[in-house]
Amino acid sequence: MDGMVSLPAPPEQAATHAVTNQPPPLAPYDASDDPVLLEGLRREGAEWAEEGIRGLGLRAGGAEAQEWADQANRHEPVLRTHDRYGNRIDEVDFHPSWHHLMRTAVAEGLAGTPWAEDRSGAHVARTAGGLVWGHTDAGHGCPTSMTYAAIPALRREPELAKVYEPLLTGREYEPGLRVPTGKRGLLAGMGMTEKQGGSDVRTNTTTATPSAESGVYTLRGHKWFTSAPMCDVFLVLAQAPGGLSCFLVPRVLPDGSRNTFRIQRLKDKLGNRSNASSEPEFDATVAWLVGPEGQGVKTIIEMVNCTRLDCVMMSATLMRRTLVEAGHHARHRSAFGARLLDQPLMRNVLADLALESEAATTLTLRLAGAADRAVRGDTGEQAFRRIATAVGKYWVTKRGPAFTAEALECLGGNGYVEDSGMPRHYREAPLLSIWEGSGNVNALDVLRALRRDPDTAQALFGELALAQGADARLDSAVARLKDLLVTASEAGARRLVEHMALTLQASLLVRHAPPAVADAFCATRLGGDWGHAFGTLPEAADVDAILARALPGDN
């Protein structure tokens with residue numbers, strides 16, 4: 001028509017915007033698709049839980065749960081010290097995704113539930129559940145772990161346990177600060193460390209003053225690291241007239257009033273960003289004594305043993321999660337004319353990571369089995385657990401950061417951007433070595449266990465003897481370990497515990513893993529046929545067999 005301007009046709013999409021040679025999203029995937037996990041579950045007495053673990057694995061690897069994890073870390077918790085009227089409230093707000101993760105974890109029995117289940121393997125099933133649900137987010141594993149660990153300590157005071165244990169072991173997640181006994185389910189936290197002492201908890205300066213009511217005290221002091229301040233109750237160490245003691249501190253008192261729990265700030269942490277870690281201040285804070293006065297460390301040590309196991313579990317989970325991501329990328333990405341997964345050097349790297357992951361998962365489930373049997377009165381397993389949990393906590397958590405860094409590198413630049421999720425896993429890894437005692441604390445704890453309780457060494461060597469004669473390199477490592485024990489010193493504690501961990505892992509793999517896995521592990525970790533970085537397996541290693549086990553599908 002007259003007056004109309006003819007417009008050019010829209011251009012075709014620019015060729016530079018075409019996306020090629022990029023892997024598809026990993027989710028949905030099955031986080032339980034791991035023969036190491038399922039074999040260990042059956043071997044340690046929880047085969048009855050396999051169907052549930054497989055279902056949870058599908059949920060963990062699903063797009064919805066993975067989105068929850070991403071959102072919970074992008075939208076970090078926010079502290080509200082006061083309400084709009086100026087009243088002190090000390091509440092922490094979380095993104096809805098955090099609550100979705102927590103609700104699932106508690107409903108699946110990953111908090112205190114095993115203590116209420118009178119069947120063999122309950123603690124193993126919980127650990128296996130953590131190994132798959134941990135593929136989502138590590139942060140919310142903190143309150144579930146502390147809730148699980150609080151039960152045995154709380155049992156030192158039967159009257160308190162009678163009130164709180166049924167709620168701590170339930171499967172109902174009910175957030176919000178209310179009278180604990182009016183809720184359907186509770187979460188527990190703990191407050192031990194203070195700024196002047198850290199792991200040296202005997203230097204705590206928080207004071208506990210007895211009240212007129214028997215067993216009831218008031219606390220005054222400042223805690224340096226108290227994770228998950230939104231929990232309902234806390235186990236806290238404080239100095240009573242009779243010495244360092246353990247106390248139960250509820251956020252809300254039985255009459256409905258707020259207990260004094262002033263949150264000074266939330267920690268700005270390297271990782272674990274979805275979880276709130278805080279500095280609470282106690283001032284005439286009402287608390288109930290748990291266990292005798294002066295036995296605070298003895299009372300709470302059982303809680304520490306439980307949370308140390310969870311540190312091992314979470315490190316193993318991060319290893320498996322990042323290995324799955326690296327394998328997925330290598331399967332779909334090509335360079336220099338071939339898929340990454342088909343290139344010999346990348347296969348060597350992935351196979352080396354797979355060995356480390358299998359050793360960590362196998363040890364985790366063995367420790368869970370020991371914990372389960374120890375709870376049921378097996379004295380041999382109690383001694384083994386006492387030393388092996390500290391050994392595993394030291395070594396597996398130490399391997400986590402190096403492992404996740406190498407897995408991230410498998411993705412190249414794609415792994416260095418936040419959208420990949422790998423930076424979040426990398427930042428998470430160092431926490432597990434620090435939490436519940438740093439490397440030095442755990443190494444020295446092994447020494448103390450050996451010196452104070454000869455049964456621990458006997459239990460450890462009894463475990464190693466089950467693989468005697470199956471591999472000459474392992475036999476030599478056991479003999480060397482016996483020599484190291486003779487000259488054990490504080491300065492050499494790390495070297496001793498490292499050798500102890502590798503020997504224990506090797507013995508488990510020799511007994512339970514396919515020959516290709518056990519042989520490669522013994523050749524490298526014990527035999528010295530290895531470099532100083534992942535991806536330096538010897539030519540003789542059966543890389544194909546190792547990868548076929550670790551990365552099911554098209555290898």
Side-chain angles (χ1 to χ4, degrees), residues 34 36-37 40-41 43-44 46 110 114 123-135 138 141-142 144-146 148-149 271-272 301-323 353 355-375 381-382 384-404 425 428-443 445-446 449 456 459-460 463 494 497-498 500-509 512 525:
D34 178 9
V36 183
L37 167 73
L41 179 75
R43 185 170 59 245
E44 298 298 338
L110 304 186
H123 297 268
V124 177
R126 176 193 173 270
T127 298
L131 285 165
V132 297
W133 187 245
H135 280 234
C142 179
T144 57
S145 177
M146 292 189 295
Y148 168 70
N272 205 247
I301 195 64
E302 186 62 24
M303 187 176 192
V304 173
N305 284 335
C306 292
T307 49
R308 281 181 176 177
L309 170 59
D310 279 7
C311 287
V312 182
M313 175 193 75
M314 198 62 233
S315 290
T317 303
L318 283 171
M319 289 182 187
R320 179 62 188 172
R321 174 66 175 85
T322 54
L323 173 62
L353 292 173
L355 289 178
E356 197 74 30
S357 176
E358 175 151 359
T361 299
T362 302
L363 178 56
T364 297
L365 290 168
R366 174 65 184 94
L367 295 176
D372 194 87
R373 291 182 282 276
V375 167
E381 289 290 76
Q382 288 169 0
F384 175 76
R385 178 198 184 200
R386 172 73 180 90
I387 190 169
T389 300
V391 168
K393 165 65 166 71
Y394 172 82
W395 183 244
V396 176
T397 63
K398 279 275 179 241
R399 300 298 290 153
F403 186 106
T404 52
H425 302 317
E428 197 72 40
L431 170 64
L432 286 313
S433 181
I434 297 169
W435 192 36
E436 301 309 340
S438 62
N440 286 356
V441 171
N442 278 268
D445 193 39
V446 171
T456 58
L460 178 64
E463 178 78 13
R494 283 190 175 215
V497 177
E498 176 178 321
M500 201 176 285
L502 290 171
T503 305
L504 178 57
Q505 286 183 321
S507 72
L508 290 169
L509 295 182
H512 304 305
R525 276 64 171 177

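The figures here come from the full heavy-atom set of this structure, side chains too, leaving out hydrogens, waters and symmetry mates. Just so you know, these numbers come straight off a predicted model, no measurement behind them.
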Handout entry: Flag side-chain contact, heavy atom, 4.5 Å: V304 against I301
Key = yes
Handout entry: Set of residues satisfying side-chain hydrogen bond (donor to acceptor under 3.5 Å, both in side chains) with respect to T307, sequence neighbours excluded
Key = E436
Problem - Sidechain-backbone polar pair: T456 side chain, A449 backbone, donor-acceptor under 3.5 Å - result: yes
Fill in the blank from the handout: Sorted by chain and residue number, the side-chain contact (heavy atoms from CB on, under 4.5 Å) partners of L431 (sequence neighbours excluded) come out as N272, E428, W435
Practice task
Please list, chain by chain and in numerical order, all residues satisfying ring pair (Phe, Tyr, Trp, His ring centres under 6.0 Å) with H425, sequence neighbours excluded.
Solution key: none
Handout entry: Beyond-backbone contact of L365 with L131, side-chain heavy atoms, under 4.5 angstrom
Key = yes
Problem - Those residues that, when tested against R43, pass side-chain contact (heavy atoms from CB on, under 4.5 Å) (two or more places apart) - result: E39, T362, H512
Exercise for the section: Could you tell me which non-hydrogen atom of V396 sits nearest to which non-hydrogen atom of A316, and how far apart they are? Expected result: CG1-N, 4.3 Å
Problem - Candidates Q505, E44, E463 - the one meeting side-chain hydrogen bond (donor to acceptor under 3.5 Å, both in side chains) with R366 - result: E463
Exercise for the section: To the nearest 0.5 Å, tell me how far L37 CG sits from T361 OG1. Expected result: 7.0 Å
Fill in the blank from the handout: M313 and G130 have their tightest heavy-atom pair at SD-CA, 3.7 Å
Practice task
Without swapping roles, check the side chain of T144 against the backbone of G141 for a donor-acceptor pair under 3.5 Å.
Solution key: yes
Problem - Side chain proximity check, L110 to W133, heavy atoms < 4.5 angstrom - result: yes
Exercise for the section: Determine the minimum heavy-atom distance between V312 and T397, stating which atoms define it. Expected result: N-CG2, 4.4 Å
Problem - Nearest atoms (heavy-atom pairs only) where M303 meets M146 - result: CE-O, 3.5 Å
Completion exercise
When E381, H123, Q382 are each screened for side-chain hydrogen bond (donor to acceptor under 3.5 Å, both in side chains) with R373, the one that passes is E381
Problem - 4.5 Å side-chain heavy-atom contact, R320 and V36 - result: no
Practice task
Could you note down all residue pairs passing salt bridge (Lys or Arg N to Asp or Glu O under 4.0 Å) where residues 301-310 supplies at least one of them, sequence neighbours left out?
Solution key: R126-D310, E302-R385, R308-D445
Practice task
Taking ring pair (Phe, Tyr, Trp, His ring centres under 6.0 Å) as the test, write out the residues that go with F384, two or more places apart.
Solution key: none
Fill in the blank from the handout: Nearest heavy-atom contact between V391 and V446 is CG2-CG2, 3.8 Å
Exercise for the section: Without swapping roles, check the side chain of K393 against the backbone of L309 for a donor-acceptor pair under 3.5 Å. Expected result: no
Handout entry: Closest non-hydrogen atom pair, C306 against A149
Key = CB-CB, 3.5 Å
Problem - Minimum side-chain heavy-atom gap F403-S357 below 4.5 Å - result: yes
Practice task
Measure from the side-chain N and O atoms of T404 to the backbone N and O of P401, and report whether any donor-acceptor pair falls under 3.5 Å.
Solution key: yes
